[in-house]
Amino acid sequence: MSGVKVRSLRFSYGKNIVLEDLSFEVDEGEILTILGPNGSGKTTLLKCLNRLLKPKGSVLIDSFEISKLNEKELAKLVGYVPQIHSPAFPYKVVDVVVSGRTPHLGLSIPTRKDYELAYDVLGRLGLSHLADKPYTQLSGGELRLVLIARALVQQPKVLLLDEPTSHLDLRNRVLVLKVLREIAREGIAVVMSEHDPNLASIFSDKVLLMCKGKIVGYGRVQDVLTRENIAKVYGVKVEIFERNGKRYMFPIF
Ligand code: ADP
């Protein structure tokens with residue numbers, strides 16, 4: 001099977017159980033969005049899928065059990081865009097992006113082709129003008145876009161993104177989600193966390209709604225993002241509208 005298959009995943013920080021018995025699948029070509037209040041375990045889950053944390057249970061990526069892969073094999077399969085990243089050195093943006101090619105390069109240095117790919121991805125994300133800028137001088141939003149570009153040049157089979165739209169204005173949010181939509185169509189499985197249920201509704205094939213480390217709902221937006229589930233998880237009453245097969249939620253006060 002291509003994509004991600006998770007079975008009975010569990011994780012604890014010491015004695016604090018944070019993820020309980022999670023099972024779900026994301027096929028190549030699909031976007032799965034993880035939703036849930038702060039502290040529900042979204043970041044921890046993404047880190048378990050990237051093996052930054054070692055969970056119990058099974059995580060298969062392209063049918064490989066990730067616990068059995070070496071670092072390089074894993075890096076070729078999985079790209080990860082963390083929520084927080086503090087740049088330490090003033091590398092040029094294009095060099096940061098091209099560093100995403102590392103798993104494919106072995107000990108050799110990046111070639112012209114690698115740089116062409118980096119410029120291509122920067123263009124796709126509307127970042128060409130930043131190519132030569134030191135990445136320590138970027139705004140929070142620009143930095144986020146550059147990290148997404150770096151993950152894209154890695155050409156992984158699975159792309160994990162922790163709140164890829166945070167720090168971004170509405171235009172860039174939509175841009176990023178549109179690019180992720182295109183990337184998914186090219187045959188990548190995308191798993192991301194997102195705070196805005198409306199953006200999740202517009203751009204996802206499936207959603208995973210979490211609360212306190214457990215799955216409250218998993219599947220199609222229409223089945224999971226219901227008034228009842230939103231009230232249960234966020235404690236907020238919403239009105240739901242449908243348009244062109246998409247679902248929109250507005251809080252009611
Ligand atoms: P979310 O991404 O949904 O906000 P997190 O995965 O960051 O949730 O956190 C889930 C739970 O795990 C929270 O209760 C948080 O306090 C706890 N937690 C997160 N990181 C650590 C850590 N490094 N050590 C101990 N507990 C942690």
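In this chain, residues are counted from 1 in sequence order. These numbers come from a predicted model, not from an experiment. We count ligands from 1, going down the list as the structure has it; atoms in each ligand are counted the same way.
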Side chain or backbone of Ser193 under 4.0 Å from ligand 1, or both, or neither, by non-hydrogen atoms? neither
Applying a 4.0 Å heavy-atom criterion (strictly less than), which segment of Thr44 is in contact with ligand 1: side chain, backbone, both, or neither? both
Interfacing atoms of ligand 1 (cut-off 4.0 Å, heavy-atom, [X]):
X     : result
Val18 : 10 (C), 11 (C), 12 (O)
Ser40 : 1 (P), 3 (O), 8 (O)
Pro37 : 3 (O)

Please report which non-hydrogen protein atom sits nearest to [atom], along with the residue it belongs to and the distance in Å to one decimal place.
atom                    : answer
atom 8 (O) of ligand 1  : Gly41 N, 3.1 Å
atom 23 (N) of ligand 1 : Tyr13 CE2, 3.7 Å
atom 7 (O) of ligand 1  : Thr43 CB, 3.8 Å
atom 14 (O) of ligand 1 : Gly39 O, 4.0 Å

Is there a polar contact between ligand 1 and Asn38, counting only N or O atoms under 3.5 Å apart? no
Ligand 1 N/O within reach of Lys42 N/O, cut-off under 3.5 Å: yes
In Å, rounded to the nearest 0.5 Å, how long is the span from CG of Leu168 to CG of Leu175? 9.0 Å
Rounding to 0.5 Å, atoms NZ (Lys92) and OH (Tyr135) come to a distance of 15.0 Å
Given side-chain hydrogen bond (donor to acceptor under 3.5 Å, both in side chains), test Asp95 with Tyr115 step by step and report yes or no. CA-CA 8 Å; Asp95 292 323; Tyr115 273 94; 2.6 Å; yes
Tyr13 vs Thr44, side-chain hydrogen bond (donor to acceptor under 3.5 Å, both in side chains): CA-CA, chis, key distance, verdict: CA-CA 10 Å; Tyr13 289 108; Thr44 304; 3.0 Å; yes
Checking Asp62 side chain against Phe64 main chain: does a donor-acceptor pair fall under 3.5 Å? no
Short side-chain donor-acceptor distance under 3.5 Å, Asp114 and Thr111: yes
